[in-house]
Protein chains: 2
Amino acid sequence: MATIYQVSELAGVSLATVSRVMNGNTRVSEAKRTKVLEAMKELNYRPNSIAQSLASNCTNSVGLLVSELYGPFFGEMMSGVEGELRAAGKHVIVAAGHSDEASEKDAIEFLISRKCDALILHVDAVSDQYLLELNQSGTPVVVINRSIPGLMENCICLNNQLGGYLATKTLLEMGHRKVAYVSGPMWKTDVRDRVAGHRRALQEFDCVVPDSLFIEGDFHEEGGVKAMLQLLQQPEPFTAVVCANDEMACGVMNCARDNNLDVPGDLSVMGFDNVIMSRYTFPHLTTIDFPSGEMGRMAANWVRQHIYQDSKKPVQNLFEPTVVMRDSVRGLA
Amino acid sequence: MATIYQVSELAGVSLATVSRVMNGNTRVSEAKRTKVLEAMKELNYRPNSIAQSLASNCTNSVGLLVSELYGPFFGEMMSGVEGELRAAGKHVIVAAGHSDEASEKDAIEFLISRKCDALILHVDAVSDQYLLELNQSGTPVVVINRSIPGLMENCICLNNQLGGYLATKTLLEMGHRKVAYVSGPMWKTDVRDRVAGHRRALQEFDCVVPDSLFIEGDFHEEGGVKAMLQLLQQPEPFTAVVCANDEMACGVMNCARDNNLDVPGDLSVMGFDNVIMSRYTFPHLTTIDFPSGEMGRMAANWVRQHIYQDSKKPVQNLFEPTVVMRDSVRGLA
DNA sequence: ACACTTTGTGAAAGCGCTTACATTTGTAGC
DNA sequence: GCTACAAATGTAAGCGCTTTCACAAAGTGT
């Protein structure tokens, strides 16, 4: 592999000049510039970005930490981040945090040691305090789907409260009153927000729902099945169930069918996230759209703005969820 | 951020000694070692891996190029790769190739300029020749799901032919004879392998199927719907349809239902890949398992063996698909 | 006691770039 | 032609590590 030194020699100029034509930040005479470019082409020169990073103290790489690398939700998000950053010539280093504090911290350390210029994080387990300190300590951080007091500028959030509200309100407007709720793990902030929205909608409609129609699930399909079984075993009747994500909604629908309940004839089911799969289920799932790809792109845009100063697109910190009407919900006659 | 120099000063030893305790490849007296470790802890020292990379000519990072960052298939694969490599303290730099030649080459250039120690590639568009030259030119390459003559040692493949064979054979054994086939894009090698397996199974059962029961799809759900419509419009009867992936199988099932066909009562549907979603469809999809996560892990293991020499697990180049029986297939009485 | 290994350590030369600073060259004004 | 200043270019000092080499200290065998 050719080095800058060989290029400078072939072009008959100094190292510095070659560096300057590469970076284009200082003026170089047209004559030398073309000479250098020719030499580069002839030697098939490609700058060693490691050396560039060391010298310039800028790695042109950003760390991306998600809970899991698989799953439709993170896939779209990562895709958004990568697309936007690669268009800007930046590298994406990925890691998975598995929603576990030790693992998340470990991954962050890992990314920092690689001297990422910034970190894009989707984390549940580490504390707000930790993230604040992290950002203070010199590694700029942008956080997806979590709002951190004192760091709001760096957060790209979905209005989860509104999402929860819309989900339940949609059903209430269609005449449902006995609305069950299958939540995610309550230690997650976004989960609590969704629940809060749900409660707000109920209140608005003066609707009181017994506690036994509220189940804390685990965000997985099996959790949805279990939750539905639990609902069927308790005495309170219900005509609809709102789920905190699409996977659990799938489980609920499958379990309902196994118990000879028709969806949406006997039971309406509402999901949350609008993952790709929700279009393919039977019946097609009515859900709340979570623009994860766009939010990923926006996080990357934040980095381009604040770290690389190469984007003029404004940063949108808060995204609004919308209802996606499909076939798993039906109005009460 | 503390540097090695400050550590050496605090510990009262030379730079070299600090480096040696970090790398552990040379003997250092116990006394100095502990002094150094204490100094490191006190300064909260973390080696600058960029500088390490430049000096040692080893970046401890491997490039991972997949067709798309989203989708269950790649998600599992990436997850496998990342898990295995991070356990070894290596970084994963990801990029998406979008099954487009220019884009794939661009991404590879991108990863090379970052001086990845190796590349793990899932690519469809670039030529075998290109990959051979790439590997020759100093960047070790491991290729997933594609067999390249002259580079077989570096390929981690699924026996797609066998998969195609098993899919169709399963139906034939259950008494089906009018078996339609919805293929993927025929320019992909794995697609052709699956078709070849399908044909072999038909031949083995002396089963002749009219051409109109063979449709070339696009691997997407909509493609499955379109293919099914096309099948319904042609005159030949059929009792089963084999799909080259699960997404299209979903489309086929949805379209069948829309046309008042019961799956599996009136029509059996077979998928391929066993993506997570296939467990949640209605009816649950019978399919061929593609161990993408394990193959990703194996690709990473290949790198650990050949590049970092830190794994003793043997490399398995060829994986065997298996049939996953669920509810979308039923025997003919 | 000697010569000879072995072991631990430090000095210093890079790795391939960027960039502050020094130097040269070009240009305009007089 | 000379000065004054700007533009273009070169020089060299890092960036934070690894690693070769030299050398001193400490064992070994005779």
Side-chain angles (χ1 to χ4, degrees), chain A residues 1-37 39-40 43-61 89 91 112-117 138-139 308-309, chain B residues 1-37 39-40 43-61 89 91 112-117 138-139 308-309:
Chain A
M1 199 77 249
T3 73
I4 195 176
Y5 187 76
Q6 298 166 39
V7 173
S8 77
E9 200 168 28
L10 181 61
V13 300
S14 73
L15 292 199
T17 304
V18 177
S19 175
R20 285 192 266 258
V21 340
M22 285 199 289
N23 297 297
N25 40 20
T26 317
R27 302 189 49 73
V28 174
S29 72
E30 209 40 57
K32 302 224 172 194
R33 151 169 279 109
T34 53
K35 262 193 181 176
V36 168
L37 290 175
M40 284 180 169
L43 293 170
N44 188 26
Y45 171 75
R46 231 183 338 243
N48 179 331
S49 67
I50 295 294
Q52 288 181 315
S53 297
L54 183 59
S56 66
N57 198 30
C58 166
T59 61
N60 285 313
S61 64
H91 310 256
I112 290 179
S113 84
R114 194 70 212 175
K115 298 261 174 279
C116 292
D117 297 330
T139 308
Y308 301 120
Q309 283 89 36
Chain B
M1 197 79 251
T3 72
I4 195 176
Y5 186 77
Q6 297 167 39
V7 173
S8 79
E9 200 168 30
L10 182 60
V13 300
S14 73
L15 291 199
T17 303
V18 177
S19 175
R20 285 192 266 258
V21 342
M22 284 199 288
N23 296 297
N25 40 20
T26 316
R27 301 189 52 73
V28 173
S29 71
E30 209 40 56
K32 301 222 172 192
R33 151 170 279 108
T34 53
K35 261 193 180 174
V36 168
L37 291 175
M40 284 181 170
L43 293 170
N44 189 26
Y45 170 76
R46 230 182 341 242
N48 179 331
S49 67
I50 296 293
Q52 289 180 314
S53 296
L54 183 61
S56 66
N57 198 30
C58 166
T59 60
N60 285 313
S61 64
H91 310 258
I112 290 178
S113 84
R114 194 71 211 174
K115 297 259 174 279
C116 292
D117 297 329
T139 308
Y308 301 120
Q309 283 89 34

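A, B, ... follow the sequence lines: proteins, then strands. Residue 1 opens every chain.
With sequence neighbours left out, the side chain to side chain contact (heavy atoms under 4.5 Å, CB included) criterion links A/T59 to A/S53, A/S61, A/K115, A/D117, B/I50, B/R114. For A/A55, there are no side chain to side chain contact (heavy atoms under 4.5 Å, CB included) partners, not counting sequence neighbours.
A donor N or O paired with an acceptor N or O is found under 3.5 Å between the base of C/dG10 and the side-chain atoms of B/R20.
Of the residues in residues 3-18 of chain A, those lying under 4.0 Å from DNA chain C by heavy-atom distance are A/T3, A/I4, A/A16. If you check residues 49-57 of chain B against DNA chain D, the residues with a heavy atom closer than 4.0 Å are B/A51, B/Q52, B/A55, B/S56, listed by number.
From A/M22, atom CE reaches atom CE of A/M40 across 5.0 Å, with rounding to the nearest 0.5 Å. In this structure, B/Y45 OH and B/I4 CD1 are separated by 4.5 Å, a value rounded to the nearest 0.5 Å. For the atom pair A/S49 OG and B/L54 CG, the distance stands at 10.5 Å (nearest 0.5 Å). Interatomic distance, CG of B/L10 versus NZ of B/K35, reported as 10.0 Å (0.5 Å rounding).
When rounded to the nearest whole Å, the span between CZ of B/R27 and C1' of C/dT6 equals 11 Å. Atoms CZ (B/R114) and P (C/dC17) sit 13 Å apart, rounded to a whole Å. The distance between atom CG of A/N23 and atom C1' of C/dA20, rounded to the nearest whole Å, is 15 Å.
Within the structure, side chain to side chain donor-acceptor pair (under 3.5 Å) contacts touching residues 21-30 of chain B (residues at least two apart or in different chains) are B/S19-B/N23. Residue pairs meeting the salt bridge (Lys or Arg N to Asp or Glu O under 4.0 Å) criterion with at least one member in residues 45-56 of chain A, sequence neighbours excluded: A/R46-B/E109. Listed by first then second residue, pairs satisfying side chain to side chain donor-acceptor pair (under 3.5 Å) with a partner in residues 3-14 of chain B read B/S14-B/T17, not counting sequence neighbours.
Each end of the helix from C/dA1-D/dT30 to C/dC30-D/dG1 gets its own rotation axis from five pairs of C1' atoms, and the angle between them is 30° to the nearest 10 degrees.
Nucleotides of DNA chain D that come within less than 4.0 Å of any heavy atom of chain B span, from the 5' end to the 3' end, D/dG16 to D/dT20.
A/Q52 has its side chain out of reach of B/S113: every pair of non-hydrogen atoms, C-beta onward, lies at least 4.5 Å apart.
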